Each structure stands twice: as structure tokens, then as C-alpha cells.
Engineer: 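This is the structure I have questions about; it appears just below.
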Amino acid sequence: MATSQKARTVRIVLLSALVLVALGFGARWWLHGRFIESTDNAYVRADITAITSRISGEILEVAVTNNQAVRKDDLLLRIDAADYQARLANARAAVSVREAALVANDEQQTLQQSLIAEARATLRAAEAEGTRLQADWKRAETLVKDGVASKQRLETATAAYQSARAQVERAHAGVQAALQQVASLVADRARIGAELQAAQAGVKLAEIDLAATEVRAPRDGSVGDLSARVGERITAGRRLLSIVPLDEVFVEANFKETQLTRMSVGQQVEIRIDAYPGQALAGRLQSVSPASGAEFALLPPDNATGNFNKIVQRVPVKILFDTFGELGGRLRPGMSVEVTIDTRTTPTTGSAH
């Protein structure tokens, strides 16, 4: 009986202990655990800049090596500039031709103004002569009527007057032709001006192409994926290397959609890098993707076809580091990360690295 009583007591104690442990875990989950969201589907990322060639040509020099740190505007590589120097010279010559044409047009317009003045002077002289000969004609007509002058004199005066009228009409036509030539020169100047603007634009394009023969770093970072080689002929748009900004890395964590319920931008995050166990970094939730990863896939699933199986989707979340601590400069895009978000924390709006 004593042994049985003792065994019963042990069972009660063990059951009580288990109940207390269960209550403890339950209380911890209720007060803390249910607010914690974590995932190991997370990685260090960076806004990597792919460097491509704007022009075609032969590579004469590669000024960097893989993994080398570079600063903004540092020379990365140089492409043969001979063709682009010739194109620039040709474009500048085209500008000079149009500028000379404008000068010539201005001189022609100045000369034409002189010709207009000359034509108007000729018209005035013809009109004066016509007025004189008209008076002679009328005088001769009167004398013939009075029988003082012969009919031959009237005929001579009439012919002279008609010739004078023709000269006046000719002078009028000369003035109109001179004025019309001015209009033609003005229109021609507008055409030359447009050609000059096109030629100047050609110079700018040629200068841009020439400047593109020196490929320079658009930002600070480290060189990676360097594929350019000296002597290689490349085409425009080809990827030559990448610039990785190691001081601006962040974390991209892919949470299940059911974990997003209490998440808010600005909440504090604990970040643990697999490569550096035992070190925890602080960060904050910066933004949530506007769509799940499946929506951005090359071949997104079509749930409206075939049999349907519900699959919990994952939504990318961007997390910025508050500080890199001892890991500054040592984090590399692609490293695996485990992140933990306490959804009870008050969102903050402070700056993050």
C-alpha cells in the first residue's frame, strides 16, 4: 500500500509539473510568442548597378579588377575613340558649313536691300520720264489739232510716251522681283537655321559618344562580375561588369502572407547573419512589396485552370540596417539571414543605413 501511494504521489507531482510547464509556455506564447514573426527565408541584398556599354568598339584598357573598391567617376575601362573623334570632327565641320551659309545669306540680304533701292530709284526715274513724255505727247496732240505741228511729230511723241509707260511697268516689275527675292532669302535663312540646329545636335551626340569611350563608375562600390577584356570588340548595351554598393546593403525577407497581419512599416527587427553566428544586428521594416513573389515570376501561376490547391504565398519585405556594427563592409549580397520582428514594437520613422 505504501508503495502504491508513493507512486500515485509521484504521478501527481509529475502531472502538476507538466501542467505548470504547459501553462508557462502558454503564458509566454500569449504574452510574447504570438507577437513574434520570424523567417529564415531572407537574404542580404543590394541595389547592384549593371555597367553596360553605350557604344560599340574595341576595348583598349580595363582599369579595374574583380572585387576592387571604386569611387564614383573612377575610370573602369576605355574604348577605342578614333572613330568617335572623326565623327565629332565631321559634325563640327557640318556646323561650320551651316554657320558660313548663314553669314552668306545675311550678306545676300544686305545686297538685296541695295538692289531694291536701285530698283525703286529706276522706277522713280522711269515715272519722271513718263510724266515728261506724257506732257510732250499732249502738247504735240494740241499742236496737231491747231495745225501748227505735223502728224509725224504726234506719232513720234505718242511712241515715246508709250515706251516710257512700258519702262515704268518694267521698273515696277523689277521692284516686285527684288522684294520677292528678299522673301526667298528669308525663307532660305530659316531653312539654314534649322539645318544648323540639327548639326549642333549632331555635335552634342558625337560628344556624348566620344565621352562614352571612357566608362566611369556611376557610384561608390566594389567591382563584380567583370567580363570585359582588353582587345575585345563589344557592342552597345553589352553588360561589362557590376558595381555592388557594400555600404548600402539591406535585407529582403520573404514572409508568409499570414505573418503580415500585425506588421507595420518602421517596426524593429532583429537580424542574424548565418555567416556570423552569435552576432545580432538591429534594423527596421522599411517597406512591404506591392505583390507576392509569384506575381513577379516569369511564369506566374494561373489559379483559374485545372484543380486548385491553396498554397500560402510569400511576400517580400525590405529591412534596413540601423547599424552594421563590427560587420560593416563584411556583408555580401546573397548571404542567408534569419530575421525576427516583434510586432508589438512602436513603428519608428528614423533614418536607417
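In what follows, residues are counted from 1 in the order of the sequence shown. Bear in mind the structure is a predicted one, so any value in this text is a computation, not a measurement.
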Engineer: Assess, by modelled atom type and distance only, whether the side chains of Gln313 and Glu257 contain a donor and an acceptor separated by less than 3.5 Å.
Structural biologist: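 No, no side-chain donor-acceptor pair sits under 3.5 Å.
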
Engineer: Output yes when a side-chain donor or acceptor of Ser336 lies under 3.5 Å from a complementary backbone atom of Ile273, and no otherwise.
Structural biologist: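 No, Ser336 side chain to Ile273 backbone: no donor-acceptor pair under 3.5 Å.
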
Engineer: So, does Gln267 use its side chain to make a donor-acceptor pair with the main chain of Arg262 at under 3.5 Å?
Structural biologist: yes

Engineer: Taking a hydrophobic cluster as the set of Ile, Leu, Val, Met, Phe, Trp and Tyr residues connected by side-chain heavy atoms closer than 4.5 Å, whether directly or through intermediates, do Leu260 and Val269 fall within one such cluster?
Structural biologist: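 As far as the 4.5 Å side-chain criterion goes, Val269 and Leu260 are connected within one cluster.
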
Engineer: Same cluster or not: are Ile79 and Val230 linked, directly or through other Ile, Leu, Val, Met, Phe, Trp or Tyr residues, by side-chain heavy atoms under 4.5 angstrom apart?
Structural biologist: yes

Engineer: Counting C-beta onward and ignoring hydrogens, is there a side-chain heavy-atom pair between Met263 and Glu37 closer than 4.5 Å?
Structural biologist: yes

Engineer: Sub-3.5 Å donor-acceptor pair from the side chain of Gln259 to the main-chain atoms of Lys256, do we have one?
Structural biologist: yes

Engineer: May I ask you to test the Arg45-Tyr43 pair for a side-chain heavy-atom distance under 4.5 Å?
Structural biologist: yes

Engineer: Do side-chain atoms of Arg98 reach the backbone of Leu196 as a donor and acceptor pair under 3.5 angstrom?
Structural biologist: no

Engineer: Once side chain to side chain donor-acceptor pair (under 3.5 Å) is applied, what residue pairs with a partner in residues 190-204 remain, sequence neighbours excluded?
Structural biologist: Asp188-Arg191, Arg191-Glu195

Engineer: Is a side-chain donor or acceptor of Arg78 paired with a backbone partner of Glu214 at a separation under 3.5 angstrom?
Structural biologist: no

Engineer: Testing Val244, Asn67, Thr65, Val64 one by one against Val223 for a side-chain contact (heavy atoms from CB on, under 4.5 Å), which residue passes?
Structural biologist: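 For Val223, the side-chain contact (heavy atoms from CB on, under 4.5 Å) check succeeds only for Val64.
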
Engineer: In Å and rounded to the nearest 0.5 Å, what is the CD1 to CZ distance from Ile234 to Arg239?
Structural biologist: 14.0 Å

Engineer: For Leu76, run the side-chain contact (heavy atoms from CB on, under 4.5 Å) check against Leu240, Leu226, Val215 and tell me which one passes.
Structural biologist: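 Single side-chain contact (heavy atoms from CB on, under 4.5 Å) partner of Leu76 among Leu240, Leu226, Val215: Val215.
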
Engineer: Could you go step by step and tell me if Leu205 and Glu207 meet the side chain to side chain contact (heavy atoms under 4.5 Å, CB included) rule?
Structural biologist: CA-CA 5 Å; Leu205 289 174; Glu207 289 174 342; over 6 Å; no

Engineer: Hey, does the side chain of Ser242 reach the backbone of Asp225 with a donor-acceptor pair shorter than 3.5 angstrom?
Structural biologist: no

Engineer: Is Asp322 close to Gln268 at the side-chain level, that is, under 4.5 Å between some pair of heavy atoms?
Structural biologist: no

Engineer: Sequence neighbours left out, what passes side-chain contact (heavy atoms from CB on, under 4.5 Å) with Ser289? Give chain and number order.
Structural biologist: Phe296, Val315, Pro316

Engineer: So does Asp209 get a backbone contact from the side chain of Thr213, meaning a donor-acceptor N/O pair under 3.5 Å?
Structural biologist: no

